[in-house]
Every structure is written in structure tokens, then in C-alpha cells.
Amino acid sequence: MLFPIVYNWVIIILRMCFTMIALSYLPVWLTLDYLSDLLYFIDIIIKLHTGYLDQGILVKDLTLLKKRYLRSKLFLGDLVSLLPTDFLYFVFGTQTPLVRINRLLRVTRLNEALDRMETRTSYPNTFRITKLMVYIFVLIHWNACFYFALSSYIGFGSDVWVYPNITDPEFASMLRQYSYCFWFSAEILTTVGDNPLAVTEEEYLFMIADLLIAVLVFASVVGNVGNVITSMRDRDNVFFPNHELVKAYLRSRHISKELRQRIDNWYQHLYINKKIMKENEILQQLPMHMRTEIAVSVHLPTLSKVTIFQNCEKSLLEELVLKLTPQVFSPGEYVCKKGDVGHEMYIIKEGKLAVVADDGVTEFAVLSEGNFFGEISILNIKGNKSGNRRTANIRSIGYSDLFSLSKEDLTDVLSEFPAAKRHLEEKGRQILTKMGMLEESKEAEESEVVKVETKIKTLEKNLEVLQTKLARLMVELESSNRKLQARVEQLEREIAALRPRLMEDEEGERTDRRGEGVGGEVEWEREEAEGEEEEDGSSTKVKKQGQGEEGNDVTKEGDGESTKSTKDDVERVVEGDKSGLKDTDNDEKKKEDDGEKKQQKGDDRPGKGDGAEIETEKEEKSGEREHEETEKAEED
Ligand SMILES: Nc1ncnc2c1ncn2[C@@H]1O[C@@H]2COP(=O)(O)O[C@H]2[C@H]1O
């Protein structure tokens, strides 16, 4: 397509301005015109039969191809550019090539053809420079044509600026006409030489326009040609993998032609279809919110087709899109092979992939846009016999655009999406069950282990609560111990103080009785003996009472002994909780343990029973204290 387009862009304007050239070579031009028209037509036929990629697969069905092409804007341009406007020659004459101006509309196809060539060539820089030179040539050529036309309009040789008089034999030849105009045009547009001075207004206008063009377009393009090439290469290197580098490497390593061809095709596919691989790297240069916004607008339509992410919150999807890495696979290429260690899962953006047997031909399933795969080996599904290994071969049928999501990123995301995790695991389990690769007993065993682990965790939590309560109780017990000891000591002192007074009273009574006679003496002696007995008894009684009181205290309020026993009890309670299995010989202990167990079972709040016991003790203690005070008051 290059030839007819360039031909029309160069020759139509030439024939329009250089009438002599147009008329002198009319048969040549007409032949070339219709040859170019034929090529235009052939191009339409070729375009009509050119397949296109639908989900990465080449569509070759003629009716589909026709439908697609005839409905496209491209067809409209192609059609208009091939309208038989030549019939207007009958109206205006063959010296008016302007009627063929519509042929210039094919320029879009020129760009496409040049892009294709650029991906094919081994010397892209040379190609780019040549392309630039061609553009510059066309620009100067058009300018030269306009200059000649303007000179003709003003009058050849009418001043120093216009083309000299063509009747002058020196400037009469067609070659001289064209080369002079081209030189003049190049001189102005490159601003290299001394620009010829304009004389008329039209000439000035022409010069101004040319200088503007030169300053704005040409001068900047030529001045920065190196930068343009470098930036083009830089851009491509950022957008696409560095093809030239890879090519040079493949050449130096003498890689097989077949493999090189595959790599070239893959690269061409990326380049032509603008499949940008390093999106994340490019977006890295933008602020986070913009990056997220762009990634969302580009990838969200794909993600929303994936069932597991359909009901997810937007914020989490936004997080996810930044973690996706685009990947492109060529027809027949394996995405993963059975037995490989899985490091990532894939989401299909476009294209079709097959789950194939080891022979690479037998297809078990076909996955398409919106499906995902590769999750089984990275999910740690319980009972999965293949562990972290791929369970199947996945082969790309046509070109496939995938998003890969690494194991780490997936784990991160799934920790936020329990529902999605369940869904993924469920799908994986179904596939594994179908393949007979799910060990159910192991799965059950593992779930049992999980249950026990959960129980242990709950017990540990309860134990922690109990320990805190115990610590609090111990503090309370110690303080009440101290108080009780002080109280017992006080009571002993009071009893010791009371004893001499009692003795004195008894002595007095005895003296009174002796004074009443012998019989009385005998009586007295008996009474004395009784008294002594009584005294002993009373002292014993006092002692017993003291002991009794002490005993009561011991039992009810608790001295050192009782504290010890209470401590022991509490310790036993905790001990029982801790081990939960220790046997107790003592019946009482058993009862206590039973009581405790009941409390633990009956009461959700651990340690509540202990608290209740202490509460009862406290109540008893206060009751005791009241009782003692009443007794003391009576004695006084
Ligand atoms: N029968 C199947 N149908 C659909 N997908 C499958 C089938 N068998 C395996 N896969 C997918 O292929 C993937 C291969 O790698 P994984 O084992 O990680 O995860 C696997 C599944 O996601």
C-alpha cells in the first residue's frame, strides 16, 4: 500500500501545480493513476479478507469479516478514496488532476503500513529516520509546488522572489522548474541559506507561512531528531519489552529460526494491538490516587466479569487492580504445566485457553474471558494431594491477555474477602474431587485438628481470665488474713486481762464461806475443791471457749490455717482448671472439683463460683463479728 499512497500524495499536487509536467507525461500519469487505483481496490479486497482477533483467536469467516469491515469507519475512508471521480475529467479536462484529490484520504492506511514495517524491520532506528526524511521530503515538495503555483499566479520573472521567466531557456525545462522550486522551498523551510526577499504581498504571506511552518514544525523536528528517536525508543522500551535487545541476544546465541519467529510474532502482536505489558511501571510515575483511578477504569470491566470479585466492595477492587500484572501468551503457548510449583493465579482478560492432557491435544475444558485458573496450587486446600504443584496443563488457544496475581497478593486480598476465599476453595475442591486428588480423610483429620486447636485456644483464653481472678482473690485473702490475725491477738489479750479479776472474785467468796464453821469448813473445802475443779473447769471452759472461738474463727473467718486451706482450695480450683484431668483422692476435693466443674458448665463467666464462695465467707465473717461483739457486751 505504500506505493499508491505515496504516489498520490506526491504526484497529484505536482500535476496540479506544474501543468507542463502534468501534460507532458499525461499517458504515464494516467497509467500510474489507474495502477494505483487498482492497488487501492486490491487493498480493499485484501482488507475484506484479513482476519481479526476475537478473544485472541483469528476470525477467518468471510461473512463475519465482511460484516466487520463494511461497518467500520475505515471502509468509509477507503470507499471515498476510490470513488470514480475521474469521470469529472469529461467536465474539466484531463489537465485537472484535482478531481483525484480524494485519493489522498488513504493516508491512514499509510500510517498502519509504516507501523507494521517498523515492527518487522531489524533496524528500526534507520527506518524511523528514513520515515522522517520522507515526511520532510513530502512537506518540501508540497511547498515547492505551491511556490511554483504562486509564481505562476504573480507572473514568472515579475520580481526577484518568484520563479524566473519560463520563456528564458535557462528556466524553461521541467527539471529546472521543479528542482529550482524544490531548492527554494527547502531553503526557506530549513532556514539554512539567505532567504530571498519577498516583493509582493502574496510573496510576503507565503514567506511568513513558510517561516512559521519551518519554525513550528520542521526546525523543531530536525533540531531534535536525535531526541525524537531516543524518546521513541524510550517510550517503546517502557511500553513494551525491548525487542531490539532481545533480537540481538537471540542472534548472538544462535537461537533457532522457529523460536525467533515466534518471539517476533509475539512482539508484533503486542506492538500492533498496543498491548502494554509494563502498565504498573508506567503508572508508577503518577500519584497513587490517579494511578488507582486509571487502573480501575482500565481493568475494572474485566474484574467485574470475574465471579469471585463480582460482589466485592469497590475499595478492595481498587486495591486489587494495582496488584494485577498483564501478561500476553501466544497461540499454543503453555501458561502452566502440570507438576510445576504454583506462584500465581490468572484471570483471563481476553482470549481462550484450554485445560489439556499431557499429550497437549486432549482438551478437558476451555476457559475464556472472565474465568480464572491457577488458584489450586497456591491456596493450600486441605487434603490436596498435589500440594503446591499445578494440577493441570493450561495452553493458550489463540493470543491470550491475562492478569496474573501473585500468591502473596492473593493471600493479602483473600484475608479481606473470606467469601471469595471460600468460593475459590470450593471451586478448587470440586476440581480436585473430579480429578480424585482430594484426600477426604486427611481433610477431615485436618478439620479435626483445627477444631482441637480452636478448643485449646478457647481454654487458654479462659485460663488467662481465671488467673487474673485468682490473683485478685489472693490479694483479698491476704488482706483479710492480716485483719483476722490482728483480731485473734486482740481477743487473747482481752481474755488474759479478764483472768486475774475472776480469780480475785473467787478468792473473796471462799474467805466468806470459811468464816461460817467446821462443817462449813468441810463444806468450804468441798466447795473449794469444787471451786478448784470449777476454776479448772472455768479456765478450761475459758480455754475451750477461746479455743472454740478460735476454732470458730478458724472455721468461719480463718486464721493462718484457714487461709492456708482457702489458698489450697483456690490453688486446687485453678490446678483443676489448668489440668482439667488431675485426680483427687480427697472426697471433699472431689466435691469441690465437681462443684467447680458444675459452676464452669453452668456459668459462662469463669471463676464466678470462687467469687461466690468468698462472698459467703465474708458474710459469715461479718455475722461472727456481730456475735462476738454481743458476747463481749454481755461479759462487760
Ligand atoms: N477441569 C478443570 N476445569 C477448569 N479448570 C481446571 C481444571 N483442572 C484444572 N484447572 C485449573 O488449572 C489450574 C492449573 O494450576 P492449579 O493447579 O494451580 O489450578 C488449576 C485450576 O485452576
Side-chain angles (χ1 to χ4, degrees), residues 55-57 299 302-312 317 320-321 323-443 446:
Q55 297 204 39
I57 297 165
H299 302 315
T302 310
L303 277 191
S304 55
K305 285 180 194 154
V306 182
T307 42
I308 42 164
F309 302 123
Q310 261 165 9
N311 300 321
C312 293
L317 287 181
L320 193 71
V321 286
K323 290 175 178 170
L324 298 175
T325 315
Q327 289 194 16
V328 176
F329 287 87
S330 305
E333 211 176 332
Y334 279 89
V335 180
C336 62
K337 284 199 168 174
K338 196 172 172 180
D340 289 352
V341 175
H343 295 293
E344 65 268 284
M345 70 168 283
Y346 299 90
I347 294 164
I348 305 172
K349 184 185 176 201
E350 206 184 315
K352 283 190 173 164
L353 298 106
V355 183
V356 289
D358 291 341
D359 60 10
V361 182
T362 319
E363 289 184 2
F364 298 130
V366 173
L367 309 168
S368 58
E369 193 182 338
N371 288 152
F372 59 89
F373 63 90
E375 76 290 3
I376 296 177
S377 56
I378 59 171
L379 270 181
N380 296 329
I381 297 173
K382 312 265 167 4
N384 176 7
K385 282 186 199 168
S386 58
N388 62 349
R389 305 273 164 175
R390 297 285 186 202
T391 53
N393 303 303
I394 304 283
R395 199 164 53 84
S396 175
I397 298 175
Y399 280 101
S400 314
D401 285 5
L402 309 178
F403 285 126
S404 72
L405 184 62
S406 75
K407 189 175 179 173
E408 294 74 34
D409 289 339
L410 179 73
T411 316
D412 271 7
V413 174
L414 290 188
S415 64
E416 320 261 355
F417 286 109
K421 188 176 182 184
R422 274 196 302 278
H423 183 100
L424 272 177
E425 283 183 346
E426 192 43 50
K427 192 209 147 196
R429 237 178 256 122
Q430 278 170 12
I431 293 171
L432 287 170
T433 316
K434 244 194 261 171
M435 290 173 158
M437 291 179 76
L438 192 68
E439 223 173 296
E440 306 246 343
S441 59
K442 205 172 171 191
E443 194 190 12
E446 279 175 16

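Nothing fancy with the numbering, it's 1 onward along the sequence. Source: prediction; values computed, not measured. We count ligands from 1, going down the list as the structure has it; atoms in each ligand are counted the same way.
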Response to the item:
the protein heavy atom lying closest to atom 11 (C) of ligand 1 turns out to be Phe373 CB, 4.0 Å
Worksheet item: Which residue owns the protein heavy atom closest to atom 3 (N) of ligand 1, what's the atom, and how far is it?
Response: Ala365 CB, 3.8 Å
Worksheet item: Between Ser396 and Phe329, what is the shortest heavy-atom contact and its length?
Response: OG-O, 3.8 Å
Discussion item. Can you confirm, on distance only, whether ligand 1 has an N/O atom lying under 3.5 Å from any N/O atom belonging to Ile431?
Written reply: no
Fill in: Non-hydrogen atoms of Leu438 and Lys382 that approach each other most closely
CD1-O, 3.5 Å
Discussion item. What protein heavy atom lies closest to atom 15 (O) of ligand 1? Include the residue and the distance to one decimal.
Written reply: Arg390 CD, 3.1 Å
Item to complete: Using a 4.0 Å heavy-atom cut-off, say whether Ile376 meets ligand 1 through its side chain, its backbone, both or neither.
Response: both
Worksheet entry | Sub-3.5 Å N/O-N/O distance, Lys434 and ligand 1 | no
Practice prompt. Using a strict 4.0 Å cut-off to heavy atoms of Met435, name the atoms of ligand 1 that fall inside it.
Written response: 8 (N), 9 (C)
Discussion item. Between Glu426 and Arg429 (salt bridge meaning N to carboxylate O under 4.0 Å), is one present in this structure?
Written reply: yes
Discussion item. If we set the cut-off at 4.0 Å for heavy atoms, which region of Ile394 has an atom near ligand 1: side chain, backbone, both, or neither?
Written reply: side chain
Worksheet item: Which is it for Phe364 and ligand 1 at heavy atoms under 4.0 Å: side chain, backbone, both or neither?
Response: neither
Worksheet item: Short question: side chain of Ser406, backbone of Asp409 - any donor-acceptor pair under 3.5 Å?
Response: yes
Response to the item:
Closest to atom 20 (C) of ligand 1 among protein heavy atoms sits Thr391 OG1, 3.5 Å
Item to complete: Specify whether His299 and Phe403 have parallel, tilted or perpendicular ring planes, treating 30° as the upper limit for parallel and 60° as the lower limit for perpendicular.
Response: perpendicular
Practice prompt. Name the closest protein heavy atom to atom 18 (O) of ligand 1, giving the residue it belongs to and the distance to 0.1 Å.
Written response: Ser377 OG, 2.6 Å
Fill in: Donor-acceptor side-chain pairing of Glu344 and Ser404 below 3.5 angstrom
no
Worksheet, complete the sentence: The protein heavy atom nearest to atom 13 (C) of ligand 1 is Gly374 N, 3.5 Å
Worksheet entry | For the student: nearest non-hydrogen atoms of Thr362 and Asp359, plus distance | OG1-OD2, 2.6 Å
Fill in: Residues, nucleotides or ligands: over 12 heavy atoms within 6.0 Å of Lys407 NZ
yes
Worksheet item: NZ of Lys338: more than 12 outside heavy atoms within 6.0 angstrom?
Response: no
Worksheet entry | Gly342 heavy atom under 4.0 Å from ligand 1 | no
Discussion item. Treating Asn393 as the side-chain partner and Val356 as the backbone partner, does any N or O pair qualify as donor plus acceptor under 3.5 Å?
Written reply: yes
Fill in: Heavy-atom nearest neighbour of atom 22 (O) of ligand 1 within options Met345, Glu375, Lys338
Glu375
Worksheet item: In the protein, what heavy atom is nearest to atom 9 (C) of ligand 1, and what distance, to one decimal place, separates them?
Response: Ala392 CB, 3.5 Å
